[in-house]
Amino acid sequence: MLQRMIVKDAARNVTVTVTLVVLMTLSVMMATASAGLLARLTGASGRLLTTADAPHVAQMHAGPIDLAALDHWAAEVLDILTELNAEGTTVVMVTHDAEVAARTDRVIEMRDGRVTNL
């Protein structure tokens, strides 16, 4: 009985029925395409995370600290950064210390937020 009602209703409202079938088909196609796109993006981001090297960040501490311990720690950090750079890692360091800057291959000076020396 339900099947006869659906067939009679579809025969009376052919335009509405065809439109609904087309729209439902399009929605299924769009959902499938978006699922495929999400799968590709997830795979691409996973590959990026496995192949990309994380940046190495070091920051000097400011505040009341034992100067001898701080100098020892800073020397160790500079040695590590020098080793990383020798292995091919790009190291970007910001310092106010001219002796530390002298240990680098390249120095870019800034004053008042502007580059003054490349």
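Along the sequence shown, residues are numbered consecutively beginning with 1.
Evaluation of the side-chain contact (heavy atoms from CB on, under 4.5 Å) rule for Val22 yields Val18, Leu26 as partners, not counting sequence neighbours. Under the salt bridge (charged side-chain N to carboxylate O under 4.0 Å, His left out) criterion, Asp97 pairs with no residue at all, not counting sequence neighbours. Residues passing the side-chain hydrogen bond (donor to acceptor under 3.5 Å, both in side chains) test with Glu76 are His72, sequence neighbours excluded. Judged as a side-chain hydrogen bond (donor to acceptor under 3.5 Å, both in side chains), and not counting sequence neighbours, Asn85 has no contacts.
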Enumerate, atom names and distances included, each donor-acceptor pair closer than 3.5 Å involving a side-chain atom of residues 5-16, sequence neighbours excluded.
unit_1, atom_1, unit_2, atom_2, d
Asp9, OD1, Asn13, ND2, 3.1

Listing, residues 104-118 side-chain donor-acceptor contacts under 3.5 Å, not counting sequence neighbours, or none:
unit_1, atom_1, unit_2, atom_2, d
Thr104, OG1, Ala101, O, 2.6
Thr104, OG1, Arg106, O, 3.3
Thr116, OG1, Glu109, O, 3.3

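A side-chain hydrogen bond (donor to acceptor under 3.5 Å, both in side chains) check over residues 22-44, counting only residues at least two apart or in different chains, returns nothing.
Hydrophobic clustering, defined by side-chain heavy atoms of Ile, Leu, Val, Met, Phe, Trp and Tyr closer than 4.5 Å, leaves Leu23 isolated from every other such residue.
Here the straight-line distance linking atom CZ of Arg103 with atom CE of Met93 works out to 8.0 Å at 0.5 Å rounding.
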